[in-house]
A.B. asks: 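I am attaching a structure below and will ask some questions about it afterwards.
Reckoned from all heavy atoms, side chains included, excluding hydrogens, waters and symmetry mates.
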Amino acid sequence: MTAQIHFRCPCCHGSQYRTSPFDMTEKNPFGAKCIFCKSAMTTLDSFAPFIQKGYAPAEFRK
């Protein structure tokens with residue numbers, strides 16, 4: 001079984017992305033960028049603290 005990483009765009013909440021070794025940074029270690037707004041993607045586990053504190057909606061579009 002392989003582990004899957006689910007990315008979500010913090011700006012437009014999109015889930016489609018591209019990866020590039022040129023976009024890899026400390027904050028974006030996978031180099032994933034949203035194909036719509038070009039923002040760095042985040043993993044869903046990084047959203048958890050914001051959802052628990054009420055800063056982000058708990059409902060995500062699919």
A.B. asks: With sequence neighbours left out, which residue pairs that include part of residues 26-39 fulfil the side chain to side chain donor-acceptor pair (under 3.5 Å) condition?
C.D. replies: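 Checked against side chain to side chain donor-acceptor pair (under 3.5 Å) - neighbours excluded - no pair reaches residues 26-39.
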
A.B. asks: Would you find a donor on one side and an acceptor on the other, under 3.5 Å apart, between the side chain of Ser15 and the backbone of Arg8?
C.D. replies: no

A.B. asks: Apply side-chain contact (heavy atoms from CB on, under 4.5 Å) to the pair Cys12 and Cys34, showing each step before the final yes or no.
C.D. replies: CA-CA 9 Å; Cys12 71; Cys34 177; 3.6 Å; yes

A.B. asks: Of all heavy-atom pairs between Ala40 and Pro10, which one has the smallest distance, and what is that distance?
C.D. replies: O-CD, 3.3 Å

A.B. asks: Can you list everything that forms a side chain to side chain contact (heavy atoms under 4.5 Å, CB included) with Tyr17? Sequence neighbours excluded, please.
C.D. replies: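 Phe7, Thr19, Ala32, Met41.
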
A.B. asks: Holding to side chain to side chain donor-acceptor pair (under 3.5 Å), I want the full list of residues that pass it with Asp23, two or more places apart in sequence or in another chain.
C.D. replies: Arg18

A.B. asks: Could you work out the complete set of other residues in the hydrophobic cluster of Phe36, with links drawn between I, L, V, M, F, W and Y side chains under 4.5 Å apart?
C.D. replies: Ile35

